[in-house]
Amino acid sequence: MDRDAFAEAVAWTARALPTRPAVPVLAGIRMEVSGDGSALHLSGFDYEVSTRASVDVLSEESGAALVPGRLLAEIVRNLPPGSVHIDTDGAKLRVVGGAARFTLITMPLEDYPSLPGMPGLIGSVSADAFTTAVRQVAPAASRDDTLPMLTGAYLDFTGDSLSVVATDRYRIAVRDLRWNPSDQGVDTAALVPARTLYDTVRGLVNRSDVDIALSSGTPGGGAGLSPGEGMIGFGNGERRTTTRLIDSEFVKYASWFPQEFSARAEVAVGPLAEAVKRVALVADRNTPLRLAFTEGEVLLEAGSGDDAQAVEAIEVSYEGEPLRMAFRPDYLMDGLTAVETDTAYLNFTEQTKPAVFTDVPAEEGENPSFRYLVQPLRVS
């Protein structure tokens, strides 16, 4: 088989393998040559997430083996370019690439669990658009596993509109995009572990669509769906992944966003992001980075008193009364870097109320495709 194609398929499959598996076989990748010897099917499973990929091969016979997945991924990634040859000899599997030869000890194939099947297809979405949406939204999800609901990315399917949402209570990111539902009357939702969803889109083939499959017992689902153990699946080319859903209701996020604003700023994303990076050098995650908006300028400050201090001013277009606000530097950067356009629009109500970043001007009664709401810090 080709080294590059094999390395990509193994990396996709291995990404979901547990670092500390409950049983040793869950650290393995199952490799199976198809009956006609034209394809090698790879699979991984940890009882929560399953991954499957295929790669074209030339083989004289069919067969299967279970090998340590992460080790295989490291080996294949470091093989020289060209062809990779694999064969088995009893409990050993040999991997040969160029002059490099590796021998792995296989794991008991009979102990490996059966992978779950894909749920029912509900529609498809552009891989490129879906990848962008998840990358914009996922950083806003919480990392605190004691609140499982907040560690998820909420997928809201309504007609031909798909919303991807995440929050950690202090900020919330929303991206709306078009998708192709199998049923135009679809009205359902799924709460997907954000980390799993982010890892999934990292390996998508952007030249093809992503098929989305959802079980009928979706937790927190829409009309006609009862709470229960749900599952979602994503198919992209020769790659498949499934994951269990988070069994919890998501927050009513729509009411969080202000309908009117008293001040607005139009800023170039690049210069502001670079300024935030520089000024934040004297601040830690919980130290506020202060922004003072006046006509034509925003002044960034961090540090005070006997601490290290930094000040920088950049040009902006600002409408409204002079305003001073403070944010966590990393929250501010996440919002700026998530904006896909060269210009970001910052919308304000009051000094102590959340600010909303958008990729286009936020007109009254209309929602931009991307919105990032962030709660300011209180400072004297």
Side-chain angles (χ1 to χ4, degrees), residues 129-130 132-142 147 149-179 187-192 194 197 220 222 248-267 269 272 291 293 298 316-321 323-328 330-341 343-378:
F130 189 56
T132 298
V134 172
R135 286 177 172 171
Q136 288 177 297
V137 168
S142 175
L147 295 171
M149 174 189 70
L150 300 181
T151 64
Y154 185 68
L155 304 184
D156 189 358
F157 306 93
T158 306
D160 62 357
S161 176
L162 167 59
S163 298
V164 186
V165 191
T167 181
D168 61 2
R169 291 182 298 176
Y170 306 106
R171 54 188 173 154
I172 184 167
V174 181
R175 170 65 193 276
D176 299 319
L177 66 158
R178 294 293 180 184
W179 78 306
D187 182 11
T188 188
L191 189 55
V192 187
L197 188 61
S248 179
E249 292 288 338
F250 197 63
V251 297
K252 306 297 184 183
Y253 65 91
S255 61
W256 292 17
F257 287 88
Q259 298 301 309
E260 297 179 354
F261 300 100
S262 60
R264 304 171 188 266
E266 180 180 338
V267 302
V269 173
L272 180 56
L291 291 86
F293 289 90
V298 58
V316 302
S317 175
Y318 179 73
E319 297 179 2
E321 295 294 323
L323 181 69
R324 291 176 62 87
M325 301 188 78
F327 301 96
R328 271 183 51 165
D330 55 335
Y331 283 9
L332 193 59
M333 281 300 300
D334 284 345
L336 289 174
T337 55
V339 174
E340 290 289 301
T341 53
T343 302
Y345 298 85
L346 280 57
N347 308 276
F348 310 103
T349 53
E350 300 177 20
Q351 178 181 2
T352 58
K353 297 294 181 63
V356 179
F357 298 6
T358 60
D359 52 357
V360 296
E363 302 294 340
E364 187 173 344
E366 296 184 11
N367 289 328
S369 62
F370 174 71
R371 293 170 289 158
Y372 181 85
L373 179 148
V374 57
Q375 179 68 39
L377 298 175
R378 294 181 180 272

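It should be emphasised that the depicted structure is a prediction, and the values quoted were computed from it without experimental measurement.
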### Nearest heavy-atom neighbours spanning P361 and P368
O-CG, 4.3 Å

### Query
What is the distance from atom CG of L373 to atom CD1 of I172, rounded to the nearest 0.5 Å?
7.0 Å

### Task
Measure the spacing between CG of L150 and CZ of R169 and express it to the nearest 0.5 Å.
6.0 Å

#### Entry: side chain to side chain contact (heavy atoms under 4.5 Å, CB included) against D156, all qualifying residues, sequence neighbours excluded
Y154, T158, S163, A189, Y253

### Message
Going by the rule side chain to side chain donor-acceptor pair (under 3.5 Å), which residues pair with R324 if we only count those two or more places apart in sequence or in a different chain?
### Response
none

### Task
Look only at the side chain of W179 and the backbone of G159, and say whether a donor-acceptor pair between them is shorter than 3.5 Å.
yes

#### Entry: Residues that R135 engages under salt bridge (Lys or Arg N to Asp or Glu O under 4.0 Å), provided they are two or more places apart
none

#### Entry: Verdict with supporting geometry, F357 and V374, side-chain contact (heavy atoms from CB on, under 4.5 Å)
CA-CA 8 Å; F357 298 6; V374 57; 4.3 Å; yes

### Query
Is V251 close to M149 at the side-chain level, that is, under 4.5 Å between some pair of heavy atoms?
yes

### Task
Please confirm whether the backbone N or O of T349 pairs with a side-chain atom of S262, one donor and one acceptor, at under 3.5 Å?
yes

### Message
Looking at every non-hydrogen atom in both residues, tell me the closest pair between A141 and A194 and how far apart they are.
### Response
CB-CB, 3.6 Å

### Query
Does T132 have any side chain to side chain donor-acceptor pair (under 3.5 Å) partners at least two apart in sequence or in another chain, and if so, which?
none

### V316 and its side chain to side chain contact (heavy atoms under 4.5 Å, CB included) partner, picked from L272, L291, V298
V298

### Task
Could you list the residues that satisfy salt bridge (Lys or Arg N to Asp or Glu O under 4.0 Å) with D334, not counting sequence neighbours?
R171

#### Entry: Side chains of T343 and V269 in contact at under 4.5 Å (non-hydrogen atoms)
no

### Summary
Between G320 and A263 the two heavy atoms that sit nearest each other are CA-CB, 4.1 Å

### Query
Looking only at side chains, do D168 and Y331 share a donor and an acceptor under 3.5 Å apart?
yes

#### Entry: Gap between atom CG of D187 and atom CZ of F157 - 0.5 Å precision
11.5 Å

### Message
Show the nearest heavy-atom pair for residues P376 and P354, with the distance to one decimal.
### Response
CD-CA, 3.7 Å

### Message
Between L162 and D176, is there a side-chain heavy-atom distance shorter than 4.5 Å?
### Response
no

### Query
Just by distance, do the side chain of E266 and the backbone of S317 share a donor-acceptor pair under 3.5 Å?
no

## Note on the structure
So CE of M325 and CD of Q375: to nearest 0.5 Å the spacing works out to 8.0 Å

### From R175 atom CZ to R371 atom CZ, the distance as rounded to the nearest 0.5 Å
12.0 Å

### Query
Side-chain donor-acceptor pair under 3.5 Å between D359 and S369, yes or no?
yes

### Message
Which residue is it: Y372, Y345, F261, W256? I am looking for the one with a side chain to side chain contact (heavy atoms under 4.5 Å, CB included) to V356.
### Response
F261

### Task
Please tell me if the side chains of F370 and V360 come closer than 4.5 Å, counting only heavy atoms from C-beta onward.
no

#### Entry: For A265, side chain to side chain contact (heavy atoms under 4.5 Å, CB included) partners two or more places apart
V267, F293, Y318, L346, F348

### Task
Kindly give the heavy-atom pair with the smallest separation between A173 and V137, and that separation in Å.
O-CG1, 3.7 Å

### Message
As a quick check of understanding, evaluate side-chain contact (heavy atoms from CB on, under 4.5 Å) for N347 and T358, giving each step before the final call.
### Response
CA-CA 8 Å; N347 308 276; T358 60; 3.7 Å; yes

### Task
Apply the test side-chain contact (heavy atoms from CB on, under 4.5 Å) to residues L191 and L155: give CA-CA distance (whole Å), side-chain angles for both, the deciding distance (0.1 Å), then the verdict.
CA-CA 6 Å; L191 189 55; L155 304 184; over 6 Å; no

